[in-house]
Amino acid sequence: MQTTFVTVALSLAVACLVGQVSASIVFDRACPTGIDAMQYFSVESYLGKWYEMQRYESEFELNYDCVQVQYTLNEDDSVQVSNSAYNLFNGSTINALGRAVLSFPDEEIIQGKLNVSFFGAPNDLSNYWVLDTDYQTFSVVWNCQPLGEQQSEESFWVLSRTPTLPTDRDVMFRIHNIMRRYIDRNQVRFTRQLDDRCPVF
């Protein structure tokens, strides 16, 4: 298990160093335009634990479930990011520590755009866009980075404050409205959180 942990951690480190901080999919198209992050975003309200409900899959996160992330405020007003996950097939666990800062902190209207990096990688890429959240129950996060003129790499998550999605009709409408407009549902992977083997991170 220790060998598996080290291998996965190194894979995560390599992925993060080349700009990947998330589950991602490569598309044969340019990054979509006209996608707006949330306005009047509050970092303080976003802190705390979130459970991953859905994501775009990626090689370094393959087969991992029980994914949780904890956001806590650092003394310099940056945010510590602690991502944890459990592999239900082989029992291995990963934990990746990172740092997040607002991408554009001096704007009059703060947007839900953050720079997130792990393992000491440069923290200069706006790569975590909160498209919508009510801070109490759900968050929808997206990112796209260009890979030349005709390719792009997209990341996507749906997060919940609890191990299950809220059943509130308005919340579900907001989530599905974003997915309908921007997300390739064929690429979405549902994260298992209710398996008895899921640890409490």
Side-chain angles (χ1 to χ4, degrees), residues 11-43 46-47 50-62 64 67-71 78-83 85 94 96-105 107 109-133 135 138-160 174-191:
S11 298
L12 277 170
V14 171
C16 292
L17 286 171
V18 298
Q20 295 177 314
V21 300
S22 62
S24 54
I25 297 289
V26 174
F27 290 99
D28 292 324
R29 67 187 186 207
C31 284
T33 58
I35 298 181
D36 297 319
M38 187 174 182
Q39 307 292 297
Y40 300 98
F41 181 73
S42 169
V43 170
Y46 201 74
L47 299 175
W50 291 94
Y51 294 84
E52 182 187 272
M53 297 286 101
Q54 300 176 35
R55 70 172 185 255
Y56 279 162
E57 188 65 287
S58 69
E59 183 178 356
F60 70 87
E61 203 177 6
L62 189 66
Y64 275 88
V67 182
Q68 301 174 28
V69 58
Q70 182 79 30
Y71 298 106
S78 66
V79 174
Q80 177 178 280
V81 182
S82 178
N83 281 341
I94 60 172
L97 292 178
R99 179 174 178 268
V101 296
L102 285 169
S103 301
F104 308 103
E107 290 187 338
I109 298 176
I110 298 297
Q111 301 181 69
K113 297 182 179 181
L114 296 100
N115 300 8
V116 182
S117 62
F118 291 86
F119 304 105
N123 193 236
D124 55 4
L125 184 66
S126 182
N127 56 5
Y128 185 102
W129 289 18
V130 180
L131 301 188
D132 195 10
T133 183
Y135 303 104
F138 82 101
S139 177
V140 180
V141 183
W142 175 86
N143 169 58
C144 185
Q145 299 298 328
L147 298 175
E149 294 183 359
Q150 299 299 323
Q151 280 193 321
S152 60
E153 185 176 52
E154 288 189 36
S155 307
F156 166 72
W157 303 265
V158 174
L159 307 177
S160 174
R174 289 165 67 174
I175 293 172
H176 288 298
N177 185 49
I178 290 175
M179 293 181 68
R180 177 181 57 82
R181 295 165 64 191
Y182 306 132
I183 303 303
D184 184 345
R185 290 176 181 266
N186 293 324
Q187 302 290 346
V188 172
R189 193 259 204 207
F190 289 80
T191 307

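Because only heavy atoms are used, hydrogens play no part in the values below, and waters and symmetry mates are left out as well, while side chains stay in.
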For [X], check side-chain hydrogen bond (donor to acceptor under 3.5 Å, both in side chains) against everything at least two apart and list the hits.
| X | result |
| --- | --- |
| Y71 | Y128 |
| Q68 | K49 |
| Y51 | none |
| E107 | Q111 |

Could you measure the distance from the [atom1] atom of [X] to the [atom2] atom of [Y]? Nearest 0.5 Å is fine.
| X | Y | atom1 | atom2 | result |
| --- | --- | --- | --- | --- |
| S152 | D28 | OG | CG | 8.5 Å |
| Y64 | R55 | OH | CZ | 10.5 Å |
| S155 | E57 | OG | CD | 12.0 Å |
| I178 | F156 | CD1 | CZ | 8.0 Å |
| I183 | I175 | CD1 | CD1 | 12.0 Å |
| L114 | F104 | CG | CZ | 10.5 Å |

Under the side chain to side chain contact (heavy atoms under 4.5 Å, CB included) test, which residues partner [X], sequence neighbours left out?
| X | result |
| --- | --- |
| L147 | V26, Q151, E153 |
| Y135 | M38, F41, S42, S45, Y46, T133 |
| R181 | N177 |

Can you give the donor-acceptor pairs under 3.5 Å from side chains of residues 118-126 to other protein atoms, not counting sequence neighbours?
unit_1: N123; atom_1: OD1; unit_2: R99; atom_2: NH1; d: 3.2
unit_1: N123; atom_1: ND2; unit_2: R99; atom_2: O; d: 3.3
unit_1: N123; atom_1: ND2; unit_2: N115; atom_2: O; d: 3.2
unit_1: N123; atom_1: ND2; unit_2: S117; atom_2: OG; d: 2.9
unit_1: S126; atom_1: OG; unit_2: S103; atom_2: OG; d: 2.9
unit_1: S126; atom_1: OG; unit_2: W129; atom_2: NE1; d: 3.0

**Heavy atoms of other groups near E149 CD, more than 12 under 6.0 Å** = no

**Message:** With a 3.5 Å distance limit and no angle check, can you tell me whether Q39 reaches the backbone of A37 through a side-chain donor-acceptor pair?
**Reply:** yes

**Request:** Evaluate the side chain to side chain contact (heavy atoms under 4.5 Å, CB included) criterion for residues F138 and L159: first the C-alpha distance (whole Å), next the side-chain angles of each, then the deciding distance (0.1 Å), finally the verdict.
**Result:** CA-CA 6 Å; F138 82 101; L159 307 177; over 6 Å; no

**Request:** Please assess I25 against F27 for the test side chain to side chain contact (heavy atoms under 4.5 Å, CB included), listing each intermediate value before the final yes or no.
**Result:** CA-CA 6 Å; I25 297 289; F27 290 99; 3.7 Å; yes

**Residues V67, V69; criterion side chain to side chain contact (heavy atoms under 4.5 Å, CB included); working and verdict** = CA-CA 7 Å; V67 182; V69 58; over 6 Å; no

**Fill in**
The complete set of salt bridge (Lys or Arg N to Asp or Glu O under 4.0 Å) pairs with one or both residues in residues 29-41, sequence neighbours excluded, reads R29-E154

**Item:** L102 vs V43, side chain to side chain contact (heavy atoms under 4.5 Å, CB included): CA-CA, chis, key distance, verdict
**Value:** CA-CA 8 Å; L102 285 169; V43 170; 3.7 Å; yes

